[in-house]
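So the structure is just underneath, and the comments pick up after that.
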Amino acid sequence: MSYQLENTQRGEKYNSIFSKVSPAKRRNRTARAHWRSRILLGLYLALMILPIYWLINMSLQTNSEILGSMTLWPQNLTFDNYIGIFTNSSWYMGYVNSMLYVAMNMLITICVALPAAYAFSRYTFIGDKHLFFWLLTNLMAPPAVFLLPYFQLYYSVGLFDTHIAVALAHCLFNIPLAIWILEGFMSSVPKEIDETAYIDGYSFPRFFVKIFIPMIRSGIGVTLFFLFMFSWVELLLARTLTATDAQPIGMIMTRTSTASGIDWGTLAAAGVLTIIPGILVVYFVRNHIAKGFALGRT
């Protein structure tokens, strides 16, 4: 009883002290906290954007200016670095090769992962949890573990230095990831929807394409984002399984080091052009990503 009385007296004391603070002081404290959070957010964004800005700044400079005094903006603006990339077939074909095998990988992965994730989310069978866990273990191994088997296999069957070789190699990591993400979204859809569609006379393919896939489009958008992110930045498998015809842009960028030194301007311009596809992907799936991160496994 005395403990409750003491707490009541303490609460009345704090309320009386707080009531003595004028509304103007409370507004000033709120405004200071608001501006403090804005300043911290601004500093964070500046630190995040600074490397990208510096890369763009270097791409618009000559090598002599880059290696000379540090400048916050180009003193002698030049687009020769970009012109050199777009006029050199070995450079722009690197981007074409990368986009080709990334698109092939995304298409193959999503076509395989959608029915597989549906099976894991709707059916119970012997060893389903063990199989699901085994799929996830593929994500725990680094790509270097599978490098030698893939190289020997593709070389023996004639798939070496092809786009499909890199796309299939990336499927080893992307398919388990896609199944894991999509299964979480599909499990959140009530099973009664499937039963209602069957009662209404829908066949499974028609129900899956017309009704079910639109309901999980946010999950598909998130999945495509992660598939692109892995396949676009992965370099070890891509450079080992290709030689000349299907080399990715990451491999081409290593050629800027010559006997005369590193071509910093061309390397920076190539880096800027490498960022652009990722920005476009995020722009087109931004609404699905925003919804997807609030749902499912992400």
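Because the structure is a prediction, the values reported are computed rather than measured.
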Separation of Glu183 CD from Ile216 CD1 (nearest 0.5 Å): 11.0 Å
Student check: side-chain heavy atoms of Tyr82 and Thr266 closer than 4.5 Å: no
Give me the atom names and distance for the closest heavy-atom approach of Leu227 to Ala178. CD2-CB, 4.2 Å
Taking atom CD1 of Ile179 and atom CG of Leu131, what is their separation to the nearest 0.5 Å? 8.0 Å
Do Ile220 and Leu182 make a side-chain contact, defined as non-hydrogen atoms from C-beta onward lying under 4.5 Å apart? yes
Phe212 meets the ring pair (Phe, Tyr, Trp, His ring centres under 6.0 Å) criterion, sequence neighbours left out, with Tyr118, Phe207, Phe208
Has Leu43 got more than 12 heavy atoms of other residues, nucleotides or ligands less than 6.0 Å from its CG? yes
Could you state the interatomic distance from OG (Ser59) to CZ (Phe79), rounded to the nearest 0.5 Å? 8.5 Å
Given the rule in the side-chain contact (heavy atoms from CB on, under 4.5 Å) test, do Ile249 and Asn97 qualify, once you have shown the distances and angles that lead to the verdict? CA-CA 8 Å; Ile249 185 59; Asn97 293 333; over 6 Å; no
Tabulate below the donor-acceptor pairs under 3.5 Å that side-chain atoms of residues 99-112 make, not counting sequence neighbours, or state none.
unit_1 : atom_1 : unit_2 : atom_2 : d
Asn105 : OD1    : Asn174 : ND2    : 2.6
Asn105 : ND2    : Ala167 : O      : 2.9
Thr109 : OG1    : Asn105 : O      : 2.7

Please report the C-alpha distance between Tyr123 and Asp128 in whole Å, then the side-chain angles of each, then the deciding distance to 0.1 Å, and finally whether the side-chain contact (heavy atoms from CB on, under 4.5 Å) criterion is met. CA-CA 9 Å; Tyr123 304 115; Asp128 54 350; over 6 Å; no
Near Trp134 CH2, under 6.0 Å, is it more than 12 heavy atoms from other residues, nucleotides or ligands? no
I'd like to know if Leu267 and Phe86 are part of one continuous hydrophobic network [Ile/Leu/Val/Met/Phe/Trp/Tyr, side-chain heavy atoms within less than 4.5 Å]. yes
One should read off an interatomic distance between Lys191 NZ and Ile193 CD1, to the nearest 0.5 angstrom, of 13.0 Å
Ring geometry between Phe132 and Phe120 (parallel below 30°, tilted from 30 to 60°, perpendicular above 60°): perpendicular
Measure the spacing between CG of Leu168 and CG of Leu237 and express it to the nearest 0.5 Å. 12.0 Å
Ring centers of Phe160, Tyr155 separated by less than 6.0 Å: yes
If two hydrophobic side chains count as joined below 4.5 Å and joins carry through other members, does Leu172 share a cluster with Leu236? yes
Looking at side-chain heavy atoms only, is the closest gap between Trp180 and Leu135 below 4.5 Å? no
When you compare the side chain of Tyr95 with that of Thr274, does any pair of heavy atoms fall below 4.5 Å? yes
If you define the side chain from C-beta out and look only at heavy atoms, does anything of Leu177 sit under 4.5 Å from Thr223? no
Is any side-chain heavy atom of Ile252 less than 4.5 Å from a side-chain heavy atom of Gln247? yes
The complete set of salt bridge (charged side-chain N to carboxylate O under 4.0 Å, His left out) pairs with one or both residues in residues 225-246, sequence neighbours excluded, reads none
Is there a path of hydrophobic side-chain contacts, each under 4.5 Å between heavy atoms of I/L/V/M/F/W/Y residues, joining Trp91 to Ile276? yes
Check the surroundings of atom CD in Gln152: do more than 12 heavy atoms from other residues, nucleotides or ligands lie under 6.0 Å from it? no
Partners meeting side chain to side chain contact (heavy atoms under 4.5 Å, CB included) with Thr62 (sequence neighbours left out): Ser64, Glu65, Thr78
For Gly265 and Asn63, work out which heavy atoms get closest and say how close. N-OD1, 3.0 Å
As a quick check of understanding, evaluate side-chain contact (heavy atoms from CB on, under 4.5 Å) for Asn81 and Ile85, giving each step before the final call. CA-CA 7 Å; Asn81 298 319; Ile85 291 176; 5.8 Å; no
Which word best sums up how the rings of Phe173 and Phe146 line up, parallel for under 30°, tilted for 30 to 60°, or perpendicular for over 60°? perpendicular
Applying ring pair (Phe, Tyr, Trp, His ring centres under 6.0 Å) to Tyr154 and not counting sequence neighbours gives Tyr150
Under 4.5 Å between any side-chain heavy atoms of Thr71 and Gln61, yes or no? yes
Any side-chain donor paired with an acceptor under 3.5 Å for Thr196 and Glu192? no
Please confirm whether the backbone N or O of Thr244 pairs with a side-chain atom of Asp161, one donor and one acceptor, at under 3.5 Å? yes
Applying side-chain contact (heavy atoms from CB on, under 4.5 Å) to Asn57 and Trp54, what does each step give before you reach the verdict? CA-CA 5 Å; Asn57 181 33; Trp54 206 258; 4.3 Å; yes
Is there a chain of hydrophobic side chains (I, L, V, M, F, W, Y, each step under 4.5 Å between heavy atoms) that links Leu41 to Leu50? no
Shortest non-hydrogen contact from Phe204 toward Tyr198: CD1-OH, 3.2 Å
Could you give the distance from CG (Leu235) to CE (Met253), rounded to the nearest 0.5 Å? 9.5 Å
With side chains defined as the heavy atoms from C-beta onward, is the minimum distance between Val166 and Pro248 less than 4.5 Å? no
Donor-acceptor contact present, side-chain Ser231 to main-chain Phe228, <3.5 Å: no
Tell me which pairs pass salt bridge (charged side-chain N to carboxylate O under 4.0 Å, His left out) where either residue lies in residues 195-207, with sequence neighbours left out. none
Counting only heavy atoms not in Phe125 (residues, nucleotides, ligands), do more than 12 fall under 6.0 Å from its CZ? yes
Considering all heavy atoms, the nearest Ser187-Arg122 contact: CA-NH1, 4.3 Å
So if you build clusters from Ile, Leu, Val, Met, Phe, Trp, Tyr with side-chain heavy-atom gaps below 4.5 Å, do Tyr44 and Trp35 land together? no
